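Structure record follows, encoded as structure tokens.
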Amino acid sequence: MREKGNEYGTVSKRPRRCGWLDINLIKHAIELNGVNEIAITNIDVLAGLDKINVATSYLIDNKKTCTNAALMNFEKVIPQYTELAGWEELNAHYNSVDELPVELMKFIMYIEAECGIPVKYISYGPEREQNLIR
């Protein structure tokens, strides 16, 4: 994931932290900031994987815990994942959201259902033209 997404500092070249989508942190950010639509980027980095994991809950000492407690005890947290189907490598250009792979659209609809707000913008590559508006 880090290699494909080129997740290294621009100047320092240090590896950036990266991992699976944490849906609870997104919901937390939505609540704190009054977000009413989502932009999703770097979906091309996940393309070609058989499975996509999404962190959906946390355990501390084998007990389910809330996001706030997880953030305060980060070193003890064990994320619990939901596994979703991956999608094939993406094309260089799409004219509409309807052309995206079905599995990718299921991933986006899963995010929308969990967060309760729409994914309005989808970025599927590094180029300025590789963005779709729903």
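Everything quoted here is computed from the prediction, not taken from an experiment. For the numbers below, each heavy atom of this structure counts, side chains included, while hydrogens, waters and symmetry mates do not.
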Within 6.0 Å of CG in Asp50, more than 12 heavy atoms from elsewhere: no

Over all atoms of both residues, closest heavy-atom pair of Gly86 and Glu103: O-CB, 3.1 Å

Shortest non-hydrogen contact between Lys64 and Ser57, atoms and distance: CE-CB, 3.5 Å

Heavy-atom donor-acceptor pair, Asp22 side chain to Asn24 backbone, under 3.5 Å: yes

same_hphob_cluster(Leu25, Leu84) at 4.5 Å side-chain heavy-atom cutoff: no

Exercise: identify the closest heavy-atom pair between Ile52 and Phe107: CG2-CE1, 3.7 Å

Heavy-atom side-chain proximity of Pro126 to Asp44 below 4.5 angstrom: yes

Gap between atom CD of Glu83 and atom OG1 of Thr56 - 0.5 Å precision: 11.5 Å

Sub-4.5 Å side-chain heavy-atom contact between Ile108 and Arg134: yes

Side-chain heavy-atom pair Leu100, Leu132 within 4.5 angstrom cut-off: yes

Heavy-atom check, side chain of Thr65 versus side chain of Lys63, under 4.5 Å: no

Close side-chain approach of His93 to Asn95, heavy-atom, < 4.5 Å: yes

From Ile26 atom CD1 to Cys115 atom SG, the distance as rounded to the nearest 0.5 Å: 5.5 Å

Glu37 side chain vs Ile117 backbone, donor-acceptor pair below 3.5 Å: no

Whether over 12 other heavy atoms sit under 6.0 Å from Met109 CE: yes

Which atom of Tyr124 lies closest to which atom of Glu129, heavy atoms considered: OH-O, 3.8 Å

Rounded distance (nearest 0.5 Å) linking atom CG of Leu90 with atom CG of Leu46: 9.5 Å

Cluster link Ile43 to Val97, ILVMFWY, side chain under 4.5 Å: yes

Test item: Tyr121 and Thr41 side chains (from C-beta on) under 4.5 Å apart, heavy atoms: no

Considering all heavy atoms, the nearest Asn131-Arg128 contact: ND2-O, 2.7 Å

Residue Glu31 excluded, over 12 heavy atoms near CD under 6.0 Å: no

Non-neighbouring partners of Tyr58 that pass ring-ring contact (aromatic ring centres under 6.0 Å, His included), sequence neighbours left out: none

Transitive ILVMFWY side-chain link Leu49 to Leu104, under 4.5 Å: yes

Hydrophobic cluster identity match, Leu21 and Val35, side-chain contacts under 4.5 Å: yes

Within-4.5 Å side-chain heavy-atom neighbours: Thr82 and Ile23: no

Close side-chain approach of Val54 and Trp20, heavy atoms under 4.5 Å: no

Rounded distance (nearest 0.5 Å) linking atom CG of Asn73 with atom CG of Leu71: 9.5 Å

